[in-house]
Amino acid sequence: MSVRSLKSALLRHETILLLVLVLEWFCFNSAGARFSSLDNTFDIVRHSVEIGLLALVMTPIILTGGIDLSLGSLLGLCAILFGKMWRDGHLPVWTAAAGTLVLGAIGGGLNALLVTRLRLPPLIVTLGTFSLFRGLAEAITRGVDTFTNFPASFLFLGQERWLGIPAQAPIFGAIAIVIWLLVHRTAFGRSWRAIGFSPEGARYAGLPVERRIAMVYVLAGIVAGLAAVIYTARLGQAKADAGTGYELFAITAVVLGGTSIFGGVGTVHGTLLGVAAIAVLSNGLVHARQPREVAGMLTGALLLLALSSSVVPRLFAAIRARWRDARTRVSQDDSQVGRPKLR
């Protein structure tokens, strides 16, 4: 490996974020004795799976130049409908779980329909469905109904270990592998980037832009339904406020991982590092006995740092270019001094 390629690898966004994650780990390990224990590591994994799932499916959405502010609300609605199908519909718990994935796909399909068929901006569409999904969850439960007393076989998914690791971790790993392969090793992933760079250019290239965009929103809805099932299993209950604010954490993790908010650029492994950085930060501050508000402040600071990391190098490059031009003009003016004028 040449010096230039090594320098390029070390200055990559994912490498810098990995170093930040390692620094976080060592700092919090010195602040709390239990932080680096295996039990606490598994606890970090267990509490970050739902946000991680939303961040994984948010990545291809943002790659296409879109956004989905409704994922947290859709998670809450799916959790309520899951409890409703199991308790009031008397469906077996795993049948209700499968139905929840279908309902999540319908919710994602609604976003896809409004974005692709009516050509409405994704920000406005998902802001509207954000309120719609949460309002439906509140209406179904009247704001007070809670679904509990799920069978132990179902609670195992969110609260116990399988082969020594949290039971939901293999599911998260499988989804991460599928999304990574889709984004980085298939024509779908290349088309999502092309759409994010230039939707009109992608259309002229013959890509089915509307179909590809619809696919990412439907996929996001399915995974939001899966996250709702895991969320319910972890807490042992389903309430209308499930998943509140999760969409913002997911967007933060994606952007922190290096995905451009304007689309076209980003990686799934960067998103995973972003999820890990946020999860370690939140857990570490608890062990350091810091208020929860500090976690929000530091997460916001990390996000601003990530957003500016791609701008600052270009800014310095522009300043250096202007400085070189100014020096060149000064040297040219100096060379003209004392030269006899032609008549």
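We count residues from 1, following the sequence as given.
A distance-only check finds no donor-acceptor pair linking the side chain of Ser70 to the backbone of Ser73 [under 3.5 Å]. Between the side chain of Glu50 and the backbone N or O of Ala227 there is no donor-acceptor pair closer than 3.5 Å. No side-chain donor-acceptor contact under 3.5 Å links Arg117 to the backbone of Ala112. Between the side chain of Gln159 and the backbone N or O of Arg234 there is at least one donor-acceptor pair closer than 3.5 Å. With hydrogens and angles disregarded, a donor-acceptor distance shorter than 3.5 Å links the side chain of Thr41 to the backbone of Ser37. Of the possible donor and acceptor atoms, one in the side chain of His47 sits under 3.5 Å from a partner among the backbone N and O of Asp43.
To the nearest 0.5 Å, atom CG of residue Asn111 and atom CZ of residue Phe130 are 12.5 Å apart. Taking CZ of Arg193 as the start and CD1 of Ile195 as the end, the distance is 12.0 Å to the nearest 0.5 Å. A distance of 4.0 Å separates CD1 of Ile67 from CD1 of Ile251, quoted to the nearest 0.5 Å. One distance of note links CD1 of Ile175 with CG of Leu56; it measures 8.0 Å at 0.5 Å rounding.
What you find for Gly158 and Ala233 is that their closest heavy atoms are N-CB, 3.6 Å. Taking all atoms of both residues into account, the shortest heavy-atom contact from Leu54 to Ala224 is CD2-CA, 4.0 Å. Nearest heavy atom pair, residue Val209 against residue Arg203, reads CG2-CG, 3.5 Å.
The side-chain heavy atoms of Phe154 and Thr232, taken from C-beta on, include a pair separated by under 4.5 Å. No side-chain heavy atom of Pro60 sits under 4.5 Å from any side-chain heavy atom of Phe188.
Heavy atoms from other residues, nucleotides or ligands lying under 6.0 Å from CZ of Phe156 number more than 12.
Taking 4.0 Å as the cut-off between side-chain N and carboxylate O, Arg46 and Asp39 do not count as a salt-bridged pair.
Checked against a 6.0 Å centroid threshold, the rings of Trp86 and Phe150 count as neighbours.
Between Tyr246 and Tyr231, the ring planes lie perpendicular to each other; the angle is over 60°, past the 30° to 60° tilted range.
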